[in-house]
**Student:** 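One structure, as structure tokens, below. Some questions next.
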Amino acid sequence: MATTIYCVPTAKGIHSFYVKQDGKSHFLFNQDYRRGVQAFYAGGVSLSNAINHSSAKGDRAILRTMEKLPVYIKYIEKEYALSIFKRTGGKRKAKCA
């Protein structure tokens, strides 16, 4: 199943970002609400498109969000022993062997 990044407006002026993998959602971070970010991430975006700068089409708010995502995803990988990025999966297998 594909990994998806999505956001939900949780409070007035706040987005909450989540990563969904294998049917489970994990909280990533909160940030201030931006209309362009809501439009881009609300329906869910594949991981590759969520961090692909060319898909932001010059929107600075989306670009800043894209820069945050890898840092928080790496933290979630360590915290919950997940393999979201392809590189992480190979490292985890090598350590276990």
Side-chain angles (χ1 to χ4, degrees):
M1 180 174 228
T3 302
T4 307
I5 306 293
Y6 67 96
C7 73
V8 177
T10 52
K12 185 173 173 89
I14 303 291
H15 284 297
S16 294
F17 279 82
Y18 297 88
V19 60
K20 185 173 185 178
Q21 183 181 38
D22 299 328
K24 295 181 183 178
S25 292
H26 298 281
F27 174 76
L28 292 172
F29 59 91
N30 289 325
Q31 75 175 24
D32 291 338
Y33 183 91
R34 296 286 182 255
R35 191 176 358 181
V37 173
Q38 175 67 23
F40 187 77
Y41 288 103
V45 180
S46 69
L47 179 61
S48 59
N49 282 340
I51 58 177
N52 183 358
H53 292 280
S54 64
S55 62
K57 297 187 174 124
D59 188 328
R60 294 297 304 155
I62 295 173
L63 289 168
R64 284 191 301 270
T65 302
M66 287 178 174
E67 291 171 3
K68 285 182 179 181
L69 285 170
V71 174
Y72 285 97
I73 290 171
K74 287 176 188 174
Y75 174 77
I76 293 299
E77 286 179 328
K78 288 180 184 177
E79 189 70 24
Y80 297 105
L82 298 174
S83 294
I84 297 173
F85 288 123
K86 290 181 182 179
R87 283 184 274 163
T88 309
K91 288 180 183 177
R92 293 216 190 280
K93 289 177 186 175
K95 287 182 181 180
C96 294

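FYI, the numbering just counts along the sequence from 1. Bear in mind that the values here come from a model prediction, so they are computed numbers and not experimental data.
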**Student:** What do the steps show when you test Leu28 against Lys68 for side chain to side chain contact (heavy atoms under 4.5 Å, CB included), and what is the final call?
**Tutor:** CA-CA 10 Å; Leu28 292 172; Lys68 285 182 179 181; over 6 Å; no
**Student:** Considering all heavy atoms of both residues, which atom of Asp32 and which atom of Ile14 are nearest to each other, and what is their separation?
**Tutor:** OD1-CD1, 4.0 Å
**Student:** Within the 4.5 Å heavy-atom criterion, are Met66 and Phe40 side-chain neighbours or not?
**Tutor:**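 Touching, per the 4.5 Å side-chain cut-off.
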**Student:** Once you round to the nearest 0.5 Å, how far does CD1 of Ile62 lie from CG of Asn52?
**Tutor:**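 Ile62 CD1 to Asn52 CG: 12.0 Å, rounded to 0.5 Å.
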**Student:** Should the pair Phe17 and Tyr41 be assigned to parallel (<30°), tilted (30 to 60°) or perpendicular (>60°) ring geometry?
**Tutor:** perpendicular
**Student:** Applying side chain to side chain contact (heavy atoms under 4.5 Å, CB included), run through Phe29 and Ile76 and close with a yes or a no.
**Tutor:** CA-CA 10 Å; Phe29 59 91; Ile76 293 299; over 6 Å; no
**Student:** Taking Glu77 for the side chain and Phe85 for the main chain, is one N or O donor matched with an acceptor at less than 3.5 Å?
**Tutor:** yes
**Student:** Show the nearest heavy-atom pair for residues Ala50 and Ile5, with the distance to one decimal.
**Tutor:** CB-CG1, 3.7 Å
**Student:** Taking only residues two or more places apart in sequence, or in another chain, which ones meet Gln38 in a side-chain hydrogen bond (donor to acceptor under 3.5 Å, both in side chains)?
**Tutor:**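 Testing Gln38 for side-chain hydrogen bond (donor to acceptor under 3.5 Å, both in side chains), a comparison that skips the adjacent residues, returns His15.
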**Student:** Can you list the residues that meet the side-chain hydrogen bond (donor to acceptor under 3.5 Å, both in side chains) rule with Thr10, with sequence neighbours excluded?
**Tutor:**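 Scan of Thr10 (side-chain hydrogen bond (donor to acceptor under 3.5 Å, both in side chains), adjacent residues dropped) gives Ser16.
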**Student:** What's the separation between atom CG in Leu63 and atom CD1 in Ile51, rounded to the nearest 0.5 Å?
**Tutor:**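 Those atoms lie 13.0 Å apart.
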**Student:** Determine yes or no for a side-chain-to-main-chain donor-acceptor pair under 3.5 angstrom, with Asp22 supplying the side chain and Lys24 the backbone.
**Tutor:**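 Flag not set: sc Asp22 to bb Lys24 has no pair under 3.5 Å.
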**Student:** Can you confirm whether Thr4 sits close enough to Val19 that some side-chain heavy atom of one is under 4.5 Å from a side-chain heavy atom of the other?
**Tutor:**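 When only atoms from C-beta onward are counted, Val19 and Thr4 do not touch, as no gap falls below 4.5 Å.
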**Student:** Hey, does Ile73 have a side-chain heavy atom less than 4.5 Å from the side chain of Leu47?
**Tutor:** yes
**Student:** I need the Asp59 CG to Arg35 CZ distance, nearest 0.5 Å.
**Tutor:** 10.5 Å
**Student:** Is there side-chain contact between His26 and Glu79, with heavy atoms separated by less than 4.5 Å?
**Tutor:** no
**Student:** Should side-chain heavy atoms under 4.5 Å link Ile, Leu, Val, Met, Phe, Trp and Tyr, which residues sit in the same cluster as Tyr6?
**Tutor:**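 Once heavy-atom contacts under 4.5 Å are chained together, Tyr6 belongs with Val8, Tyr18, Phe27.
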